[in-house]
Amino acid sequence: MTNAKLMKSFIAARRDAIAADFRHLNDMQLEGALTTEGPLLILAGAGSGKTTVLINRIANLIRYGRGSDTDFVPDGITEQDVLLLRQYAASPAAADAQRVRELCAVEPVEPWRIIAITFTNKAAGELRSRLEAMLGADAGDIWAQTFHSACVRILRRDAELVGFSHSFTIYDTSDSVSTMKRIIKDLNLDEKTFTANYILGQISRAKDSMQSAEEYCAEAEASYDIRKKFVGMAYREYERRLRDANALDFDDLIFYTVKLLRENEDVRDYYRRRFRYVLIDEYQDTNRSQYMLASLLTGEDGNICVVGDDDQSIYKFRGATIENILLFEQRYKKARVIRLEQNYRSTGHILSAANAVIRNNTGRKGKELWTAQGPGEKLTLSIADDEAAEARFVASTILDGFAAGANWRDFAVLYRMNAQSNQFEYAFKRAGIPYRVIGGTRFFDRAEIKDVLAYLCVVANPADDLRLSRIVNVPARGIGQKTVDTARDIAAAESRPLFDVLKGCRDYAELSRSASKILAFTDMIDSLRGLLGELSPDEIYDAVLESSGYLRALQEKNDPENEARIENVKELKSNILGYMNEVEEPTLAGFLDEIALYTTLDQYDEDSDYAVMMTMHSVKGLEFPTVFVVGAENGIFPGVQAIGDPDEMEEERRLCYVAITRAKKKLYLTCARRRMLFGRTQANLPSRFIDEIPVEDIDKPEEKRPAMWNFGGTDGGSGYEEYARYNREPQTRTYSTPSQRPARAHSPAPAPKSAAMSLTVGDRVVHKAFGNGTVTAVTPMAGGDALLSVDFGGTVKKLMLKTASAFMKKEQT
DNA sequence: CGCACCACAATTTTT
DNA sequence: TTGTGGTGCG
C-alpha cells in the first residue's frame, strides 16, 4: 500500500471509528456531530433532535477533537492501525478502546474552550444537565449560557473599559419603562406622541445596530426628522441616567459587550483564543448585535456552529432577524449546511399539515419534515358558537382523554393572546380539570416581588436610585412623592446618589419637614447593609422583610389578595435558597444578578400533573401528546395586524407551524362563530391557515360551508348574506371527534343551561372522568348553580353543578 | 399623604 | 372585559 493510499484509508477508517461512538444518531445528526471544523449551519426542523446533535457534537469535540473532520494524519501510522479502527467501527466492544482513542483524537478540546449560547435559561439549563449526564465533571467547564448571562460574565471582568463599574446592576424591562417615563416628563415631551414603549423600542433598535445615543442624535440632526430628534434627546438622557446609576438594561448587556470586544483588541483576543468552538442555539432568534457578538467571539478558525430553524422564527417584533440564518452562507464562506428533517415527535398527519402550511411562505431555506411513525390521527377542527362553548369543548375533550387513561399534563391549550386564557380557566375550573397558565403576568413582575427585590437591590447597591425611589415609601412611612421628588432634584443637581441626599436631609431646608422619617428609613437601610458581610443572603432577606415592615404591612391588611402576595414573597425566599444550593459562594449581589436574568422562574414543571395553557409563542420548544390550538380565526390568528401585510402574515404562519408541531399524537383546532373580545362581540371566519391544511389531514365539521369560507371561492352570491344567515342559524350541535373515540362521538359538550340534577350531601355519583364519588358539600351559588365538593376515592374535587351534570350522574341505589 | 374613582387602551415577549 | 394610571378629594 502506498503511503498516500494508507493515509487516505486511515482518514476514512478514523471517521468510521469515531462514528461508531455515535451510532445512536441518524445519518444527518451524525453528520452534524462529526462536522467540527469551520462554519456550520444546522437547519433543524421541529422535533428533529437538535439538542441531541449539539450535545453529541460537544462530546465528540472533547473526546476526539477534530479527528472526524481533518486530513491530518499522525506520524507512523500502520496498516495495523487502520485495521484496528475498522474493527472498532464494526464492533466497538471487540477492539482496544484506549488505543483507538489515541489514534482518533486530534487535539481533543478542553471543555473550557467551548461556548454554547442559548436564549433561555431553561434551554441553557437543559443543555448543561444533558452535558453533565453525558460527560460528567468535564461538563462544568463548558460555558453553556444565555447570551445575556455570558455577557454579564464578560462585562463583570472588564466593565470599566466601557465606562461602568464592575458591580453594575441590571435593569429589567419595567425598570427601563419607569426610567423612560420620568425622562419623558422631565423633557416635557408630548406623552401622546412619545410613549415610553415607543421610545424604548427605537432605542432598542438603535442599540441593535450598535448606534450610541450620540450617533443616533447625529443621524437625527441630519435627517430633519423632528420626531427622531426628540427620541434622540430621550435616548441621550436615558443613556446618561443608566450610566449614572451604574445600570445596564438587557440590550446594553449585548451592546456593551460587542463594544468592549470591538474596541479592545486584547480583550477580544483573549476570548478568541480561549473559545475555539462557538455554538449558537436557536439562531433564527438572534438579532444583529447578537450576530456581531457571535462573530466577534469566533476565532480565526471560524469554528462557529449555529443551529436553528428559519421556519420557527417568531420573534421579529423583538428584533430577531431571519436574515442571520438566510445569509449565513454568504457571511461565512465555506460554510457547510446540514438539514435535520426527520421528526421524532409527531405522527404523519400532523407533520403533513405543518409542511403544507409553512410551504406557503416565501423567503425560507426549505425543509420537509418526515417521520418513520405512521400517519396517526387526523387533525380535528371544531367550531363552537362562542368562546365559552369553545372552552367547554376543550374541557370536555380533556375529560374524555383523562377517562381514557391520559394524564392532565398530556394536554396543552395554545392561544394567540393571553387575554384568551380567561374562558379556558373558567371552563377548566368548573369541570375540575387541574391546570396552570404559563406566562402572562410573570412572577418577577408582580408588585410585591419587585418591591422586595428593590429593597435587596438598594441594600446591595447604594447608587440604585430607581429601586430606591420605588421603596422609599413602601410600605407607607410618611415620605410623600413631593419629598422624594425634591430629593431627586437635589441629587440630580449635585450629581450624587439619591441615598446620600436622603442621609443628609438635615442640610436641606426643603427636606427638613420629613427629616426624622427619612432618617429612620436611611438608618434602616444602613443597618441592613451592615449585615451584608455577616449574614447569608436568605438571612438578609428575612431581615429586610422584618425591618422594612413590608411583611407586617401585608399581614395587617386582611384582603384575600394579600394571602397570595405573602405566598409569593415566601416563594421568593425558596428562590434564594435554591440559588444558595447551586452556587459555591452565594452572595446577595450574585443572587440579584441571577434573578435579573431569570425572569420566568420556570413555572412549567413537567413532573406535576396539570393541563397547561399558554401562548403559541411561549410553547416553542415544548411538546404535548394532545394540543388544542384555539381561536383559529381570521382576525385572531392570524391577527388583524397581519392581514394585508405579507411579512407579518409569514410571521404568523411560522407561529402556526410552531403551534402545529408541538403535538405528538393529536391536534385540535378550534374556532368560535362569535366571540367577545375586549368587550366587543365579533364574528370571525375560520383561520385561513385551516384552509392551507390538506383536506386529507383534517376532519372538519361536515356542514355546508358558506361561500366566504372558501378563499377565492366562486360559489356566487353575497358572501356576507350567506355568512350572516350562517351565523343566525341555531347552533346547538357540536362536532364529533374522530371515530377513534366512539365513547364520546355523540356526547356533545354540555350547554350551560342543561337541566341540573339535584344533589345533596351524601349522594353517590359516577363521573365519567373521575369515577365513583360521594358528594360531601353543596354550596348554592348565583343563577341556580351550586358548588359541589365531591370525594372521588380520596381526592376531593370542586365542581360546578351545572357543568358537572354533563359528565356525572347520580348513582341509583 | 393616602385612597377612591374614572378614563383609556388592549398582540406576541426567551432576557 | 380587564387592568392600569392619573386626578381629585378627605
Side-chain angles (χ1 to χ4, degrees), chain A residues 117-126 145-152 170-178 181 185 191-192 195-197 201 204 248-254 281-282 284-287 289-290 312-320 387 414-423 426 438-442 444-445 447 473-484 513-514 517 557 593-602 604 614-622 631 635-642 648 651-652 654-656 658-659 675-681:
Chain A
I117 304 183
T118 65
F119 270 81
T120 63
N121 294 300
K122 199 171 159 228
E126 191 185 319
Q145 294 194 291
T146 64
F147 269 103
H148 296 266
S149 59
C151 287
V152 172
I170 302 163
Y171 273 9
D172 69 16
T173 313
S174 58
D175 294 330
S176 303
V177 170
S178 40
K181 282 189 175 159
K185 284 218 176 87
E191 294 171 38
K192 289 271 151 55
T195 63
N197 277 329
S204 185
L248 287 89
D249 67 20
F250 289 138
D251 292 327
D252 287 334
L253 291 176
I254 313 282
D281 194 12
E282 303 280 14
Q284 76 281 355
D285 291 338
T286 50
N287 59 27
S289 53
Q290 283 160 339
Q312 290 190 66
S313 164
I314 53 175
Y315 285 108
K316 194 176 97 186
F317 67 94
R318 291 184 90 249
E387 73 277 6
L414 309 182
Y415 35 74
R416 181 67 237 270
M417 298 177 282
N418 285 120
Q420 289 171 260
S421 72
N422 274 336
Q423 287 299 325
Y426 188 67
I438 312 291
T441 330
R442 286 201 297 284
F444 288 95
D445 288 339
N473 197 34
V474 177
R477 49 172 71 87
I479 305 171
Q481 195 56 52
K482 231 177 78 220
T483 313
V484 179
R513 199 148 43 98
S514 352
K517 287 166 182 164
K557 273 205 189 168
D593 249 11
E594 188 129 312
I595 223 90
L597 298 176
Y598 224 112
T599 19
T600 45
L601 179 77
D602 262 73
Y604 177 59
M614 65 186 102
T615 64
M616 300 184 206
H617 281 89
S618 349
V619 82
K620 191 153 70 105
L622 303 177
I636 306 271
F637 180 51
V640 262
Q641 5 48 239
E648 283 293 307
E651 179 102 345
E652 296 279 302
R654 289 192 289 269
L655 190 55
C656 185
V658 168
R675 84 166 53 235
M676 180 132 83
L677 196 60
F678 304 134
R680 282 226 128 56
T681 302

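Chain naming here is simple, since letters A, B, ... match the order of the sequence lines and numbering starts at 1 in each. Nothing here was measured: the structure is a model prediction, and the numbers come from that model.
Classification of dT11(B) as syn follows from a glycosidic angle within 90° of 0.
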statement: Scoring nucleotides 5-10 of chain C by protein non-hydrogen atoms under 4.0 Å (B base, S sugar-phosphate only, - none) yields S-----

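Here A320(A) pairs with Y315(A) under the side chain to side chain contact (heavy atoms under 4.5 Å, CB included) rule; sequence neighbours left out. Qualifying side chain to side chain contact (heavy atoms under 4.5 Å, CB included) partners for S514(A), counting only residues two or more places apart in sequence or in other chains: T483(A), I518(A). Scored by the side chain to side chain contact (heavy atoms under 4.5 Å, CB included) test, T195(A) finds N197(A), Y198(A) as partners (sequence neighbours excluded). Taking the ring pair (Phe, Tyr, Trp, His ring centres under 6.0 Å) definition, one finds that F637(A) meets it with F689(A), sequence neighbours left out. In this structure, E387(A) has no salt bridge (charged side-chain N to carboxylate O under 4.0 Å, His left out) partners at least two apart in sequence or on a different chain. By the salt bridge (charged side-chain N to carboxylate O under 4.0 Å, His left out) test, K517(A) is found to be paired with no residue, residues two or more places apart in sequence or in another chain being considered. Contacts of R654(A) classified as salt bridge (charged side-chain N to carboxylate O under 4.0 Å, His left out), with partners at least two apart in sequence or in another chain: E651(A). Judged as a salt bridge (charged side-chain N to carboxylate O under 4.0 Å, His left out), and not counting sequence neighbours, the contacts of D593(A) are R156(A). Legend: residues meeting side chain to side chain contact (heavy atoms under 4.5 Å, CB included) with N422(A), ordered by chain and number and at least two apart, are E425(A).
Spacing of P atoms, dT13(B) relative to dT4(C), comes out at 16 Å, to the nearest Å. Taking the C1' atom of each, dT11(B) and dG6(C) are spaced 25 Å apart, rounded to whole Å.
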Could you go through nucleotides 10-12 of chain B and list every protein N or O atom that sits under 3.5 Å from one of its N or O atoms, giving the distance for each pair?
| from | atom 1 | to | atom 2 | distance (Å) |
| --- | --- | --- | --- | --- |
| dT12(B) | OP1 | N418(A) | N | 2.9 |
| dT12(B) | O4' | R416(A) | NH2 | 3.3 |
| dT12(B) | O2 | R416(A) | NH2 | 2.4 |

Listing time: all N or O pairs from protein to nucleotides 2-9 of chain B that are below 3.5 Å?
| from | atom 1 | to | atom 2 | distance (Å) |
| --- | --- | --- | --- | --- |
| dG2(B) | OP2 | N473(A) | ND2 | 3.0 |

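If you check every strand for non-hydrogen atoms under 4.0 Å, K482(A) touches sugar and phosphate atoms only. Residue-level contact check: T483(A) touches the backbone only, with heavy atoms under 4.0 Å from sugar-phosphate atoms and none from bases.
Judged purely by atom type and a 3.5 angstrom limit, H617(A) uses its side chain to pair as donor or acceptor with the backbone of I314(A).
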